[in-house]
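Only a predicted model underlies this, so the values are computations on that prediction, with no experimental measurement involved. Numbered from 1 within each chain, the chains take letters A, B, ... in sequence-line order.
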Amino acid sequence: MWLSKSVRVSLLPSIAKFPPFLPMHNSLFCSHSHSQTSLYDEAVSQFNNLLRERHVPPIFEFGKILGFLVRMKQYPTAISLIKQMELKGIHNDLANLNLLINCFCHLHKLALAFSVFAKILKQGYHPNAITLNTLMRGLCDKGEVKEALNLHDKVVAIGFRLDEFTYPILINALSKIGEIEAAIKLFRTIQDPSTVMYSIIIDCLLKEKHPQEAYDFYFEMVIKGISPDVVTYSTLIYGFCLVGQVEVAVGFLNEMLSNNITPDVYTYTILIDALCKEKKLGEAKNVLSVMLKAYVKPNVVCFNALMDGYYLVNKVKNIKQVFSAMTHMGVSPNVRTYTIMINGLIRNERVDEAINLFQEMPSRNILPNSVTYSTLIDGLCKTGRISHAWDLFHEMHDRNQQADVITYSSLIDALCKNHHLDKAIELLRKMGRLNNAQEIFQDLLNKVHNLNISTYNAMINGLCREGLLDEALTLWSKMEDCGCLSNAITFEIIIFALFKMGETEKAEKFLHKMIARLVEMMKGDTLFQ
DNA sequence: TTAGGGTTAG
């Protein structure tokens, strides 16, 4: 009921009036002739020209170029150019030193970032809000949110004035680590929260599935006269689609249109993705044509969402159409495009085509990541091609792509089902060396069921041999809980391992348990096998 | 010239 006023007439019927497919030859969307590389080369060569001038040009001339390189995410280059300036005896100003901090932060080299900060202080510059905001963002990006908050508290305590950019950084960081209460608490300390701050809180609440609270924040900002912008609306549309309230999302879309806020590529992509996930491909396509008519160029994310949708409804043929439209518009596929295609082909039982696509990736300069590997490994496992999956598992390891709980689960599941216990144990051994071994092991426990006693014994033995005694005992409990009672071999494995690890007390307990079980079985006139 | 929020894959 609380949303009835904001939900206007559904836009979907009006979208449906648009023609079914799009004019792909629109020259406005074709790729530009200036490549990123040439702009980069141009910037570096201009910088070198500045360095060669007889009279040192104003520092901000260097700064302009450095700023451009930072926007292009060319952090190592920017760092090396700043070093060259210093080698020539040109002193950087505060702006350039801030920029250097920014580069180190993006490369997660916080120690170096802080050493520049020390240099700023040593040279007698007064750090400004940008300096501190950049450092705080660097800490947050590295997961050191507490340290960022400490830094904030310290500088505020000495009377330093931060600015409107500071709080979005901190609130967002708290939100992203799930500390929503702390995020809201910090938000409430700010006198005049901005649209950005409201958007962050709304986004977080919706992602944590608290639509009512999110709506309350939205309502509060409107009442206070703080206008929601295209990001706020896109966030609301995304979040309400996420909690399954698509009609509310459409209401927000209508509201943003009547407030003359133009949807951008994010807004349209969010809608296209939501419709695709509901298998409403016709409507998704219509949103795409509305988008094109509004001269908003779809990006790779948008095409990826659409392709995933087509696979979901098994329309493999349409993928080629989308793929060529994408290429025609100068949008390059990325690793997710390939992963979506590989996954879609597997879902449509076209594993060989998926393998071909996977093999084509390096020639396109796109390297498979752990999701790509896991997707293909899972497909191979499910179609019984275990040895190929096993090879890929080793390949991903060699190429520094970390296997995770999903990769291990697929493989262990398949190996257990196909009686390749030796290999399952080899995996358990690898798991033991991982940070998230416990998580993977829990998942494994959920997956293994209906195994027979010799399978359990083999796995327990494997775990014991690797010194993973806790895991072995957990598996033992699970086995007994499942009604698969230990036999003499099970006890022997566990008792031997416990003695070997010096856990004499536990070993003796097991010994007693074994004897008691033996007596019990003899009483019941059952042979102890 | 430098700093803040929203979209896609197993």
Side-chain angles (χ1 to χ4, degrees), chain A residues 58-71 78 92-103 105 128-138 140 162-173 175-176 194-204 206-207 228-239 241-242 263-274 276-277 298-309 311 334-344 346-347 368-379 403-407 409-410:
Chain A
I59 301 298
F60 73 86
E61 293 293 342
F62 293 97
K64 270 193 224 166
I65 300 172
L66 292 169
F68 173 78
L69 288 168
V70 168
R71 279 200 306 280
N92 275 294
D93 59 4
L94 180 63
N96 283 2
L97 292 173
N98 281 345
L99 211 139
L100 186 57
I101 291 179
N102 186 23
C103 291
C105 283
N128 58 15
I130 297 174
T131 320
L132 289 154
N133 290 346
T134 311
L135 284 168
M136 283 189 269
R137 189 181 41 73
C140 291
L162 291 162
D163 64 8
E164 75 274 20
F165 283 88
T166 312
Y167 293 94
I169 297 170
L170 296 174
I171 295 170
N172 197 33
S175 299
K176 292 277 162 2
S194 61
T195 300
V196 175
M197 295 181 214
Y198 271 105
S199 302
I200 295 168
I201 297 288
I202 289 170
D203 181 50
C204 179
L206 285 167
K207 282 181 180 146
D229 62 11
V230 61
V231 178
T232 323
Y233 278 116
S234 302
T235 302
L236 285 162
I237 293 168
Y238 175 81
C241 284
L242 196 71
D264 64 8
V265 63
Y266 282 85
T267 328
Y268 286 115
T269 303
I270 287 163
L271 280 169
I272 288 171
D273 181 55
C276 282
K277 288 201 162 64
N299 60 15
V300 64
V301 180
C302 184
F303 282 113
N304 287 349
L306 198 61
M307 286 167 88
D308 202 36
Y311 279 120
N334 61 15
V335 64
R336 284 201 193 204
T337 317
Y338 273 89
T339 308
I340 287 166
M341 291 198 289
I342 289 167
N343 184 43
I346 289 170
R347 269 201 303 235
N369 63 18
S370 68
V371 182
T372 324
Y373 275 106
S374 299
T375 307
L376 192 53
I377 285 173
D378 192 55
D404 63 12
V405 62
I406 298 173
T407 333
S409 295
S410 300

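Among the atoms of the strands shown, base atoms are found under 4.0 Å from some heavy atom of A:T232. Nucleic acid contact class of A:S370 (heavy atoms, under 4.0 Å, all strands): base. Residue contacts shown for A:D378 are absent, as no nucleic acid heavy atom lies under 4.0 Å away. Within 4.0 Å of A:N334, counting heavy atoms only, lies no atom of the nucleic acid at all. At a threshold of 4.0 angstrom between heavy atoms, the contacts of A:T267 include nucleobase atoms, whether or not backbone atoms are also involved. Across all strands, A:I130 comes closer than 4.0 Å to base atoms (heavy-atom distances). A:D264 comes within 4.0 angstrom of a nucleotide base, judged by non-hydrogen atoms across all strands. Among the heavy atoms of the strands lying under 4.0 Å from A:S194 is at least one base atom, whether or not backbone atoms are also near. Across all strands, A:F165 comes closer than 4.0 Å to base atoms (heavy-atom distances).
The stretch residues 335-344 of chain A participates, sequence neighbours left out, in no salt bridge (Lys or Arg N to Asp or Glu O under 4.0 Å) pair at all.
When only modelled atom types and interatomic distance are considered, A:N334 and A:T337 share a side-chain donor-acceptor pair under 3.5 Å.
Evaluation of the salt bridge (charged side-chain N to carboxylate O under 4.0 Å, His left out) rule for A:E164 yields no partner, not counting sequence neighbours. Applying the ring pair (Phe, Tyr, Trp, His ring centres under 6.0 Å) test to A:Y198 and every residue at least two apart in sequence or in another chain returns A:F187. Considering only residues two or more places apart in sequence or on other chains, A:F62 meets the ring pair (Phe, Tyr, Trp, His ring centres under 6.0 Å) condition with A:F47. Under the side-chain hydrogen bond (donor to acceptor under 3.5 Å, both in side chains) criterion, A:N98 pairs with A:N128, A:T131, not counting sequence neighbours.
The footprint of chain A on DNA chain B, defined by a heavy-atom cutoff below 4.0 Å, extends from B:dT1 to B:dG10.
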